[in-house]
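Taking it in order: structure first as structure tokens, then the write-up.
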Amino acid sequence: MDKRNFAFDKVNYILLAVGMGIVIIGFLLMTGPSSSETVFEPDIFSARRIKVAPLVCLFGFLSMIFAVMRKPKD
């Protein structure tokens, strides 16, 4: 099969997978303990959930955009 028929090469797929992994890590950083009506958890305002996790997700999405825009070498 001719490799010129494919839009992506192996490196593009690896970069997409790494970007998706970074996004998943960012979403996992956003999770926290569950709260109920009787118990209030002040952890919802932590720096990890408000600042770090969105930046990790943003970096992951940007790396996925780069992976899609990257032109494979001939």
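Starting from 1, each residue takes its place in the sequence as its number.
Taking both residues in full, the closest heavy atoms of Val56 and Ile22 are given as O-CG2, 3.4 Å, listed atom of the first, atom of the second, then distance.
Distance check: Arg48 CZ to Thr31 OG1 gives 6.0 Å after rounding to the nearest 0.5 Å. One finds the CG atom of Leu16 at 11.0 Å from the CD1 atom of Ile65 (value rounded to the nearest 0.5 Å). Atom OG of Ser46 and atom CE of Met30 lie 11.5 Å apart (nearest 0.5 Å). One finds the CD1 atom of Ile14 at 8.5 Å from the CG atom of Asp9 (value rounded to the nearest 0.5 Å).
For residues 53-66, no residue pair satisfies the salt bridge (charged side-chain N to carboxylate O under 4.0 Å, His left out) rule, not counting sequence neighbours.
No side-chain donor-acceptor contact under 3.5 Å links Asn12 to the backbone of Pro72.
Phe61 and Ile24 fall within the same hydrophobic cluster, where Ile, Leu, Val, Met, Phe, Trp and Tyr residues are linked whenever their side-chain heavy atoms come under 4.5 Å apart, directly or through other members. A single hydrophobic cluster is not seen to contain both Met64 and Leu62; linkage of ILVMFWY side chains at heavy-atom distances under 4.5 Å, directly or through other members, places them apart. When hydrophobic clusters are built by joining Ile, Leu, Val, Met, Phe, Trp and Tyr residues whose side-chain heavy atoms come closer than 4.5 Å, directly or via intermediates, Val23 is grouped together with Tyr13.
Residue Met20 qualifies as open at atom CE: its count of foreign heavy atoms under 6.0 Å is 12 or below.
Ser63 has its side chain out of reach of Val18: every pair of non-hydrogen atoms, C-beta onward, lies at least 4.5 Å apart.
Under a 4.5 Å side-chain heavy-atom cut-off, the cluster of Ile, Leu, Val, Met, Phe, Trp and Tyr residues that includes Phe66 is completed by Val11, Leu15.
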